[in-house]
Amino acid sequence: MSTYAWIVHDAHGRDLRTSELFSTREAAEEWLGREWSGLADESGDSVTLIENGEVVYQMSLRSE
């Protein structure tokens with residue numbers, strides 16, 4: 001069974017925090033959709049989606 005989590009990074013690439021674990025990629029992406037602006041407000045600059053410890057993809061939180 002796969003587990004997914006987001007790692008939130010600051011503008012320098014340092015890890016700020018890791019999200020809760022999700023059992024599906026869809027659930028992880030829904031969470032990011034709900035939390036997007038709050039993460040940016042917390043100095044989040046980018047996120048990385050991890051599946052079972054492996055990078056799935058990275059993306060910016062900036063709206064520019």
Side-chain angles (χ1 to χ4, degrees):
M1 178 169 82
S2 291
T3 57
Y4 297 85
W6 292 101
I7 301 173
V8 182
H9 312 283
D10 68 11
H12 301 286
R14 293 182 294 243
D15 296 353
L16 295 175
R17 68 180 177 106
T18 302
S19 72
E20 62 191 271
L21 294 177
F22 303 94
S23 59
T24 66
R25 182 173 174 164
E26 291 78 17
E29 291 175 345
E30 287 174 10
W31 178 87
L32 182 60
R34 289 189 310 270
E35 299 294 322
W36 182 286
S37 64
L39 296 172
D41 290 345
E42 295 173 20
S43 299
D45 186 72
S46 64
V47 291
T48 301
L49 181 62
I50 303 294
E51 177 185 8
N52 298 330
E54 299 293 323
V55 173
V56 176
Y57 67 89
Q58 295 177 309
M59 61 186 280
S60 173
L61 291 174
R62 290 177 273 150
S63 59
E64 307 164 355

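Throughout, numbering of the chain's residues begins at 1 and tracks the sequence. Predicted model only: the values in this text are computed from it and were never measured.
- Relative ring orientation between F22 and W31 is described as tilted, the plane-to-plane angle lying within the 30° to 60° band.
- Atom OH of Y57 and atom CZ of R25 lie 5.0 Å apart (nearest 0.5 Å).
- Rounding to the nearest 0.5 angstrom, the gap separating the CE atom in M59 from the CH2 atom in W6 is 6.0 Å.
- Few gaps surround CD on E20; more than 12 heavy atoms of other groups in view lie less than 6.0 Å from it.
- Atom-to-atom distance recorded for S19:OG and L49:CG is 8.0 Å, nearest 0.5 angstrom.
- In this structure, E42 and L16 have side chains that are not in contact, with every pair of non-hydrogen atoms separated by 4.5 Å or more.
- Between T48 and Q58 there is a side-chain heavy-atom pair separated by less than 4.5 Å.
- Put simply, the side chain of N52 reaches to within 4.5 Å of the side chain of T3, judged on heavy atoms.
- To the nearest 0.5 Å, atoms OH (Y4) and CD1 (I50) are separated by 11.5 Å.
- Test H12, H9, R62 against D45 for side-chain hydrogen bond (donor to acceptor under 3.5 Å, both in side chains) and you get one pass: R62.
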Output, in order, the C-alpha distance, side-chain angles, deciding distance and verdict of side-chain contact (heavy atoms from CB on, under 4.5 Å) for L32 and L61. CA-CA 10 Å; L32 182 60; L61 291 174; 4.3 Å; yes
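- Between V8 and V47 there is a side-chain heavy-atom pair separated by less than 4.5 Å.
- Under the 4.5 Å side-chain heavy-atom criterion for grouping Ile, Leu, Val, Met, Phe, Trp and Tyr, I7 is not connected to L39 through any hydrophobic cluster.
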